[in-house]
Engineer: 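Before we start, here is the structure in question, set down as structure tokens.
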Amino acid sequence: MSLDRPDWHTYFMEMAYLISKRSTCLRRKVGALIVRNNQIISTGYNGAPKMTPHCSETGCLRASLNVPSGEKHELCRGVHAEQNAIIQSAVNGNSLKGSDLYCTHQPCSICAKMLINAEIKAIYVANTYEDKLARQLLEQAGVSVFHFDLETRELTRII
């Protein structure tokens, strides 16, 4: 009998995509999970803060202002998936020191700073985009970043 058992990277990246389905963002659905020793610590997806209207109700501020992708992150009602994963860990009293982040998309510079200070040791992403400051900060902090292609299961070091 042959088992089609996924390796850990595939398992966690597929979970990140499942988590992204909870996103309420109108522009991009992002999912993230933080793991340590192959155990899930927390998850997050992008969307409006708790107890506030979702963008599907209010409309997308970034779209209405024609803000390009990767710029002016503060002009958004949403909390990023990585931020929500960090917040959920804090709410539940779990340290992230020495953990790994799996995310459908590469973190922006704001999220990179938070991940560095949360002492995340490695980041695995399925989709990349150019954010020079995020890359510079992660490199300076010694955080390893990898691109993981779900289709080929190929792992490529970015930083």
Side-chain angles (χ1 to χ4, degrees), residues 1-48 54-56 60 62-63 67-73 76 78-89 94-159:
M1 177 173 16
S2 173
L3 296 175
D4 187 24
R5 187 174 188 211
D7 61 78
W8 288 112
H9 295 303
T10 302
Y11 178 67
F12 291 131
M13 196 59 77
E14 285 181 353
M15 281 189 182
Y17 275 100
L18 178 62
I19 293 161
S20 76
K21 292 181 178 185
R22 292 280 304 155
S23 171
T24 59
C25 180
L26 299 174
R27 290 179 71 162
R28 176 177 292 128
K29 303 214 177 284
V30 180
L33 71 153
I34 300 174
V35 303
R36 186 173 45 244
N37 300 325
N38 294 330
Q39 297 294 311
I40 298 168
I41 297 173
S42 64
T43 66
Y45 51 87
N46 57 328
H54 296 294
C55 297
S56 58
C60 178
R62 291 173 60 80
V67 177
S69 178
E71 295 181 16
K72 300 181 181 177
H73 298 287
C76 179
V79 179
H80 290 189
E82 306 94 319
Q83 294 168 352
N84 271 325
I86 292 168
I87 292 164
Q88 282 306 306
S89 182
N94 295 314
S95 170
L96 300 178
K97 186 175 186 170
S99 299
D100 298 328
L101 171 82
Y102 286 83
C103 195
T104 57
H105 294 75
Q106 187 173 324
C108 69
S109 58
I110 296 168
C111 290
K113 291 184 273 188
M114 293 177 70
L115 294 163
I116 291 165
N117 280 357
E119 300 187 32
I120 299 292
K121 69 173 182 166
I123 298 171
Y124 299 88
V125 300
N127 297 286
T128 62
Y129 71 89
E130 191 59 34
D131 185 328
K132 290 178 184 175
L133 179 57
R135 184 183 182 99
Q136 179 186 31
L137 291 167
L138 291 164
E139 188 170 8
Q140 289 172 340
V143 178
S144 300
V145 181
F146 301 89
H147 174 257
F148 182 68
D149 187 318
L150 260 174
E151 191 172 311
T152 64
R153 295 185 179 183
E154 185 176 310
L155 189 65
T156 308
R157 188 178 183 121
I158 300 170
I159 298 174

Engineer: Test of understanding: with side-chain hydrogen bond (donor to acceptor under 3.5 Å, both in side chains), list the residues that count as partners of His54, not counting sequence neighbours.
Structural biologist: Thr24

Engineer: Quick one: ring-ring contact (aromatic ring centres under 6.0 Å, His included) partners of His147, sequence neighbours excluded?
Structural biologist: none

Engineer: So Trp8 and Tyr11, would you call those rings parallel, tilted or perpendicular, with 30° and 60° as cut-offs?
Structural biologist: perpendicular

Engineer: Can you list everything that forms a ring-ring contact (aromatic ring centres under 6.0 Å, His included) with Tyr129? Sequence neighbours excluded, please.
Structural biologist: none

Engineer: So do the side chains of Leu101 and Pro107 get within less than 4.5 Å of each other, counting heavy atoms only?
Structural biologist: yes

Engineer: Run the side-chain contact (heavy atoms from CB on, under 4.5 Å) test against Thr43 and tell me which residues pass, sequence neighbours left out.
Structural biologist: Ile19, Leu33, Ile40

Engineer: Would you name the heavy atoms of Ala141 and Ile116 that are closest together and state the gap between them?
Structural biologist: CB-CG2, 3.6 Å

Engineer: Supply the atom-to-atom distance Cys111 SG to His80 NE2, rounded to the nearest 0.5 angstrom.
Structural biologist: 5.5 Å

Engineer: Considering only residues two or more places apart or on different chains, which pairs with a residue in residues 21-48 satisfy ring-ring contact (aromatic ring centres under 6.0 Å, His included)?
Structural biologist: none

Engineer: Shortest non-hydrogen contact from Ser23 to Cys25?
Structural biologist: OG-N, 3.1 Å

Engineer: Once rounded to the nearest 0.5 Å, what's the spacing between atom NZ of Lys113 and atom SG of Cys108?
Structural biologist: 8.5 Å

Engineer: State which residues pass side-chain contact (heavy atoms from CB on, under 4.5 Å) with Leu133; sequence neighbours excluded, sorted by chain then number.
Structural biologist: Ser109, Asp131, Gln136, Leu137

Engineer: May I ask you to decide if Glu71's main-chain N or O and Arg62's side chain share a donor-acceptor pair within less than 3.5 Å?
Structural biologist: yes

Engineer: Excluding sequence neighbours, so at least two apart, what forms salt bridge (charged side-chain N to carboxylate O under 4.0 Å, His left out) with Lys97?
Structural biologist: Glu119

Engineer: For a 4.5 angstrom cut-off between non-hydrogen side-chain atoms, does Met114 reach Glu82?
Structural biologist: no

Engineer: Going by the rule ring-ring contact (aromatic ring centres under 6.0 Å, His included), which residues pair with His9 if we only count those two or more places apart in sequence or in a different chain?
Structural biologist: Tyr102, Tyr124, Phe148

Engineer: Using a 4.5 Å cut-off on heavy atoms from C-beta on, say whether the side chain of Leu96 contacts that of Leu115.
Structural biologist: no

Engineer: When you look at CG of Asn37, are more than 12 heavy atoms from neighbouring residues, nucleotides or ligands closer to it than 6.0 Å?
Structural biologist: no

Engineer: Excluding sequence neighbours, so at least two apart, what forms salt bridge (charged side-chain N to carboxylate O under 4.0 Å, His left out) with Glu139?
Structural biologist: none

Engineer: How far apart are the closest heavy atoms of Asn84 and Gly44, and which atoms are they?
Structural biologist: CB-CA, 3.9 Å

Engineer: Could you name each residue pair satisfying salt bridge (charged side-chain N to carboxylate O under 4.0 Å, His left out) that touches residues 25-37, not counting sequence neighbours?
Structural biologist: none

Engineer: Minimum heavy-atom separation for Leu26 and Cys55, please, with both atom names.
Structural biologist: CD1-O, 3.4 Å

Engineer: Counting N and O atoms only, with roles assigned by atom type, does the side chain of Thr104 sit under 3.5 Å from a partner on the main chain of Ala16, one being a donor and the other an acceptor?
Structural biologist: no

Engineer: Distance from His105 atom NE2 to Asn127 atom CG, nearest 0.5 Å?
Structural biologist: 4.0 Å

Engineer: Taking all atoms of both residues into account, what is the closest heavy-atom pair of Ser89 and Asn94, and its distance?
Structural biologist: OG-O, 2.5 Å

Engineer: Can you tell me how far the CZ atom of Phe12 sits from the SG atom of Cys103, to the nearest 0.5 Å?
Structural biologist: 14.5 Å

Engineer: Tell me which donor-acceptor pairs under 3.5 Å the side chains of residues 149-159 have, and how far apart each pair is, sequence neighbours excluded?
Structural biologist:
residue, atom, partner, partner atom, Å
Asp149, OD1, Glu151, N, 2.8
Asp149, OD1, Thr152, N, 3.1
Thr152, OG1, Glu154, N, 3.2
Arg153, NE, Thr10, OG1, 3.4
Arg157, NE, Ile159, O, 2.8
Arg157, NH2, Ser144, OG, 2.9
Arg157, NH2, Ile159, O, 3.4

Engineer: Using side-chain contact (heavy atoms from CB on, under 4.5 Å) as the criterion, list what pairs up with Gln88, not counting sequence neighbours.
Structural biologist: Ser42, Lys50, Asn92

Engineer: Quick one, Gln83 with Ile110, criterion side chain to side chain contact (heavy atoms under 4.5 Å, CB included). Give me CA distance, side-chain angles, the key distance, then yes/no.
Structural biologist: CA-CA 9 Å; Gln83 294 168 352; Ile110 296 168; 3.4 Å; yes

